[in-house]
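Before any comments, here is the structure.
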Amino acid sequence: MTQPFVVPVNPDSACQPPSAKDFLVDRTFRAIARLGVVLILVLVVALVFEVGRKAFPGIEKHGLDVLLGSVWDVNQGKYGILPAIWGTLYSALIALVIAGLFGVSMAIFLTQDFLPAKLAAVFRTIVELLAAIPSVVYGLWGIYVVIPAIRPLTTWLNSELGWIPFFGTSLSGPGLLPASLVLAIMILPTIAAVSQDALSSVPMKTKQAAYGLGTTHWEAILKVMVPSAATGIFGSLVLGLGRALGETMALAMLVGNANTISLSLFAPANTLAALLALNFPEAGPNEVEVLMYAALVLMFITLIVNVLGSMIMLYAQRGSK
């Protein structure tokens, strides 16, 4: 009877059956990962519970008057955060449009062979370094550079064109436009970095196939590469919008902190994060309850934005499949 042929196995080869040590490492890693997920969920639940517990007296006492009111006067006991909600959403959307346009354009420029690889890596590092600059530095830069640069434009628009919806007020100091411009620069690294990863993950064969069908360079980028990376690019926009909604110090320094609702980009405004940062240090017990109410509203807005973004990305992935 012939002996079965046994293929010799090199003990140093990677093609080895898992050992008891491998099983132990795998189980340990899985346990740590599960523990991390559970701890994150517990942290989120604890955060929401603590904020909600302190906000509940304010919700019970003021109800929807806080959400629908536009006057914030501690002496009169009036707490309205509708202008802050408006300013939060308005400034974040303006910043998202600006940063999305430039961030995706930069991602295309740095990944689609417009620059040598080494030079593209240098520019990529410079863009990512913008994320390391403290928020207060952005605020100071906005005060001393952005606002003086915009002020002549506002004067000309109002003197030549008069009142039109988005430029109805001359900029004499902080306002919505300088705050949105600085906010766009702050979220630009996030959008650019994630968009670059999305474009880089598209197989090169996809682009080569487009060239084989006779497309030009720009046609291959805009009609093949960008649609293929659309889910990742949209994810970068959602991440950027999430950060824009919660940004605090730069907006507190630049937005004007005025409880007004206006379409004018040059009018002063307010945001929920700035409202919390500026009022908490001197807040009394009654005001703290309302500020916690405002914090709960900000958390809810951020949650809705992220949930809607995730749903749209899942729908887009199913459609592409």
Side-chain angles (χ1 to χ4, degrees), residues 31-93 95-96 131 134-136 138-139 179 183 186-187 190 235 238-255 257 259 269-311:
I32 293 174
R34 292 192 185 99
L35 179 62
V37 172
V38 171
L39 289 177
I40 291 173
L41 293 176
V42 170
L43 178 62
V44 172
V45 172
L47 179 63
V48 174
F49 174 78
E50 186 64 21
V51 174
R53 182 178 66 84
K54 293 185 178 180
F56 183 76
I59 297 173
E60 190 176 26
K61 187 183 302 181
H62 300 282
L64 296 178
D65 292 339
V66 173
L67 297 178
L68 302 178
S70 58
V71 176
W72 185 279
D73 192 333
V74 179
N75 296 324
Q76 297 182 14
K78 294 182 179 180
Y79 305 101
I81 63 171
L82 184 60
I85 296 174
W86 166 259
T88 299
L89 296 175
Y90 198 20
S91 61
L93 289 175
L96 181 66
S135 177
V136 66
Y138 277 113
L183 188 58
M186 296 179 70
I187 66 175
T190 300
V238 173
L239 290 174
L241 180 59
R243 182 183 176 186
L245 290 171
E247 183 53 48
T248 305
M249 285 309 301
L251 287 182
M253 299 169 68
L254 294 172
V255 78
N257 306 307
N259 285 328
N270 205 355
T271 66
L272 288 170
L275 179 72
L276 295 171
L278 295 176
N279 287 277
F280 248 116
E282 300 177 355
N286 294 330
E287 193 176 0
V288 167
E289 296 172 355
V290 183
L291 290 173
M292 284 296 184
Y293 190 175
L296 201 62
V297 171
L298 180 58
M299 292 172 62
F300 181 74
I301 292 174
T302 306
L303 176 64
I304 292 297
V305 167
N306 283 277
V307 169
L308 289 177
S310 299
M311 291 175 63

Close side-chain approach of [X] and [Y], heavy atoms under 4.5 Å:
X      : Y      : result
Ser91  : Val255 : no
Tyr293 : Leu67  : yes
Ile187 : Glu247 : no

Distance in Å, [X] [atom1] paired with [Y] [atom2], rounded so as to fall on 0.5 Å steps:
X      : Y      : atom1 : atom2 : value
Asp65  : Ile59  : CG    : CD1   : 13.0 Å
Leu254 : Tyr138 : CG    : OH    : 12.5 Å
Leu245 : Met299 : CG    : CE    : 13.5 Å
Arg53  : Leu296 : CZ    : CG    : 13.0 Å
Ile85  : Ile81  : CD1   : CD1   : 4.0 Å
Glu287 : Asn279 : CD    : CG    : 5.0 Å

Neighbour count >12 (heavy atoms, 6.0 Å) for atom NZ, Lys61: yes
Where [X] and [Y] come nearest, the two heavy atoms and their spacing:
X      : Y      : result
Pro83  : Ser70  : CD-CA, 3.6 Å
Ala244 : Leu251 : O-CD1, 4.5 Å
Gly246 : Ala273 : O-CB, 4.0 Å

Side chain to side chain contact (heavy atoms under 4.5 Å, CB included) assessment of Trp72 paired with Asn270: CA-CA 11 Å; Trp72 185 279; Asn270 205 355; over 6 Å; no
Contacts of Asn257 that satisfy side chain to side chain donor-acceptor pair (under 3.5 Å) - sequence neighbours left out: none
Side chain to side chain donor-acceptor pair (under 3.5 Å) against Arg34, all qualifying residues, sequence neighbours excluded: none
Option from Leu89, Thr248, Val297 for which side-chain contact (heavy atoms from CB on, under 4.5 Å) with Leu272 holds: Val297
Name of the residue among Val305, Thr302, Asn306 meeting side-chain contact (heavy atoms from CB on, under 4.5 Å) with Leu241: Val305
Working for side chain to side chain contact (heavy atoms under 4.5 Å, CB included), residues Leu43 and Leu39: CA-CA 6 Å; Leu43 178 62; Leu39 289 177; over 6 Å; no
